[in-house]
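Atoms within each ligand, like the ligands themselves, are counted from 1 in listed order. Every value quoted in this text rests on a predicted model; they were computed, and no experiment measured them.
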Amino acid sequence: MNGIPATGAGIDQRMNPRTGSAVIAAAIALGVAGATWQAHESRQGLRAQVLEHSLATATLTSAVLSADLEGHLKLVEAYADRPSVVARAEAGDWAAAAVHLAELREIEPGFGSSALFDPDGHLVARDPADEAVLGRDFSSRDYFRGALAAQHGYLSEVFRQQGVPRATVVAFASVVRGPSGAVLGVLQATLPVEQLRRHARAIRLPNGGTVQIFDGAGHALTGPQAGPENTFGSSTAVARALAGHAGGGEMTLPGLPGLRLGAYAPVDPYGWAVVVEQPVSAAYRPVAALTLRLGGIGAIVLVVGVTAAIVTTRLVRRLERQHGYSAAILEAIADGVVIADVKGRVAHINPAMDRLTRLEGENVVGYPFLDLLVLYDARGEPIPPEGHILAKAIENRAVAAGSGHELALLTRDGRRLPVGITAAPVLDENGAVVGGVAVVRDASYEREVDQLKSSLISTVSHELRTPLTMIQGFSQLLVDRDLSEANSREALRQINTSSERLSRLIDDLLSVSRIEAGRLAVRPEAVDVREVAREVLASFQTREGRELRVEADDELPAVHADPDMFVQILTNLISNAIKYSPAGTPVSVAARRNGPTVEVAVEDRGIGLSEKDVARIFDKFGRADRPEVRKVSGTGLGLYITRNLVEMQGGQIWVRSEPGLGSTFSFCLPVAVQDRQEVAP
Ligand code: ADP
């Protein structure tokens, strides 16, 4: 009978922890993918915006810068073309020409210096005057060569000016030509780059962004690395702008940390470049914040998901465990359990039920429970199906119970077992009845206890009444009648005997209660069997006119026993031998050594015992069921007490008997410690 109740079978399919976890994992993955996509989209959108804005700024700056440069260049060109300047140059009167240099700086105070070079590149006039550079050859300078090559206005690279004011400058240069077209010299004016930086500074950019200006050689006019020493031509953005392209994207710029995001534009027609940039991290900060928020939400979703997965898994495990527990409890429970479905078919029975009904493993699942639980009432009548306790529980949706005093269960081997049954309906979560469960308890022990109680009451009351009646009768006689001395003595003897009997009954009852409460203490010592046997027999000898003798080995060792208990054992056995044998027949006590024990046998030639009697006389209230016994007073407690006293001291008791021929009650007790050496095998 190992069928598992159908009620638990669905759990595994309904709540598989793996399926639950997979669904949650998929949901989390979807959430994370969604958040990532959202962040990506936002980032792309923001990037486009930043690039658009940067390009617009770069183009605008480039236009403003270009206009500014053109203005300066045009001014220088105009001065170089002035007839007075040309005339002075033609005449080689450089000092007079210098007047125009001062005038040029007055018109454009931004110019740091203005100068004239002869066709060979020697500095011939300067404003402000600077003796240190006057007459020096500047023919290798790009502005000089550029002006000659361009035949007209030329914008130089950034350089450090040698004369005053010492500053980082750019130069505007233009050829001074004679009426014939011959080169008479070069007019040049320098503009400190500081003047140009304001175009970059004029625009405020968010996120720490900057506007950078580069000359045609890739030197920066702006930023920490401004000056002719460094070139930015290696930066793709700068290189592309210098090549005349506009565009944008992620870039690196020397001197600026990390990756930048921005746009570049050429400064036409001067071959310069403007770059508008900001750190990528700053540009994407709003996206990063959004990503962080999404990430936070994702993390929460993740935590919730993982927690849900853990909780689900635990719950399922707990259910599985509970199911396991329930199954284990059902299997282990000492009472029989029958679970029936709503149609009254057996769904499950536990091993205890199998044992109670003696099914011996026969499979009854699916059979009507009425065939399994066949019940009889107190009168021994079979209980009809409609009165069946489990059927009533299912029908009335209420717990029903029946006790062992009235119910008996028919076992497979035809016996009727006293049982107590409690039955209850099994309800589903909606309260609908889906079956019933019956718990069947073996009530044989209770029945036995009940019987023992009745025996006690009847025995004790009988054993009390007889001597009490005697005492009352004889004492009444003594009071009412004037008896002869002999009769009075007899009456008093009867009273004495009866009171002794009462006293014995009380002693026996006390002994039984002490034995059962475990309050009887054994105090063992070395007991001389022969001597005690003689004393006990002697106490009977005076009353009995029959042969009572002791036969013991000469070398009999002492026993390890409680002396009082030993006396009580012998007294009980000898008094029984006398009680249950005809007057005049002999009673003997024989003692002999048997290995580590001493065996004592009390033999009589009395009524004897049948096998059936032997089976019950050592039990509480156990007496042989025969007239010779009934007419002798007794409680059936003597041998019960005797057996317990013997066993308590490590011994055993048994009887050999033939009905009508006599009985031999024997017991053995261990040899006393002092004598053990001798008897050890
Ligand atoms: P009691 O003698 O009070 O009935 P015991 O427990 O001493 O109780 O004895 C139990 C029963 O055993 C007796 O009622 C009697 O039937 C049987 N019995 C005991 N001793 C003997 C004996 N020596 N010969 C025959 N029957 C005996």
For this session: For side chain to side chain donor-acceptor pair (under 3.5 Å), just list the numbers for Gln472 and Gln476, CA-CA rounded to whole Å, side-chain angles, deciding distance to a tenth of an Å, and then say yes or no.
Result: CA-CA 6 Å; Gln472 276 173 341; Gln476 196 71 48; over 6 Å; no
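Close N/O approach between Ser633 and ligand 1 is not found [any backbone or side-chain N/O within under 3.5 Å]. For ligand 1, the polar-atom distance check against Phe665 finds no nitrogen or oxygen pair separated by under 3.5 Å. Checking only distances, Gly636 does come within under 3.5 Å of ligand 1, N or O to N or O. Annotation: Gly638 places an N or O atom under 3.5 Å from an N or O atom of ligand 1; distance criterion only.
Remark: ligand 1 atoms within the under-4.0 Å shell around heavy atoms of Gly608 are 25 (C). Of all the atoms in ligand 1, the ones that sit under 4.0 Å from a non-hydrogen atom of Ala577 are 23 (N). The ligand atoms of ligand 1 that sit less than 4.0 angstrom from a heavy atom of Lys579 are 1 (P), 2 (O), 3 (O). Residue Gly622 has at least one heavy-atom neighbour below 4.0 Å for each of these atoms of ligand 1: 10 (C), 11 (C). Here is the list of ligand 1 atoms found below 4.0 Å of a heavy atom in Ile607: 25 (C). Interface of Asn576 with ligand 1, defined as ligand atoms under 4.0 Å from a residue heavy atom, comprises 2 (O), 5 (P), 7 (O), 9 (O), 19 (C), 20 (N), 23 (N). Close contacts of ligand 1 with Val629, meaning ligand atoms under 4.0 Å from a residue heavy atom, involve 14 (O), 16 (O). Against a heavy-atom cut-off of under 4.0 Å, Leu639 is close to the following atoms of ligand 1: 5 (P), 6 (O), 7 (O), 9 (O), 10 (C), 12 (O), 19 (C).
To the nearest 0.5 angstrom, Leu492 atom CG is 9.5 Å from Ser475 atom OG. To the nearest 0.5 Å, atom CG of residue Leu510 and atom CG of residue Leu520 are 10.5 Å apart. Atoms CZ and CD1, from Arg546 and Ile578 in turn, are 5.5 Å apart once rounded to the nearest 0.5 Å. In this structure, CG on Leu573 lies 7.5 Å from CD1 on Ile569, to the nearest 0.5 angstrom. From Glu525, atom CD reaches atom NE2 of His560 across 10.0 Å, with rounding to the nearest 0.5 Å. Distance check, rounded to the nearest 0.5 Å: CG of Leu456 to CG of Leu637 gives 8.0 Å.
Side-chain atoms of Arg626 and Ser610 form no donor-acceptor pair, as typed in the model, at a separation below 3.5 Å. Checked by atom type, the side-chain pair Asp508/Ser511 shows no donor-acceptor distance below 3.5 Å.
Geometric assessment of Arg416 against the ring of Tyr376 yields a positive cation-pi assignment under the 6.0 Å and 45° thresholds.
Residue, atom and distance of the protein heavy atom nearest to atom 3 (O) of ligand 1 are Thr635 N, 2.8 Å. In this structure, atom 16 (O) of ligand 1 lies nearest to the protein heavy atom Ala624 N, 2.9 Å. Residue, atom and distance of the protein heavy atom nearest to atom 12 (O) of ligand 1 are Ile617 CG2, 3.1 Å. The protein non-hydrogen atom at the shortest distance from atom 4 (O) of ligand 1 is Arg623 NE, 2.4 Å. Given atom 24 (N) of ligand 1, the protein heavy atom at minimum distance is Ser663 OG, 3.3 Å. The protein atom (non-hydrogen) at minimum distance from atom 23 (N) of ligand 1 is Asp604 OD2, 2.8 Å.
Under a 3.5 Å cut-off, the side chain of Gln649 and the backbone N or O of Asp562 do form a donor-acceptor pair.
The residue Thr642 has no part lying near ligand 1, judged by heavy-atom distances below 4.0 Å.
Closest heavy-atom approach to atom 27 (C) of ligand 1 among the candidates Tyr580, Phe621, Phe618, Tyr640: Tyr580.
Of the options Asn576, Val655, Asn572, a side-chain contact (heavy atoms from CB on, under 4.5 Å) to Leu639 is made by Asn576 and by none of the others.
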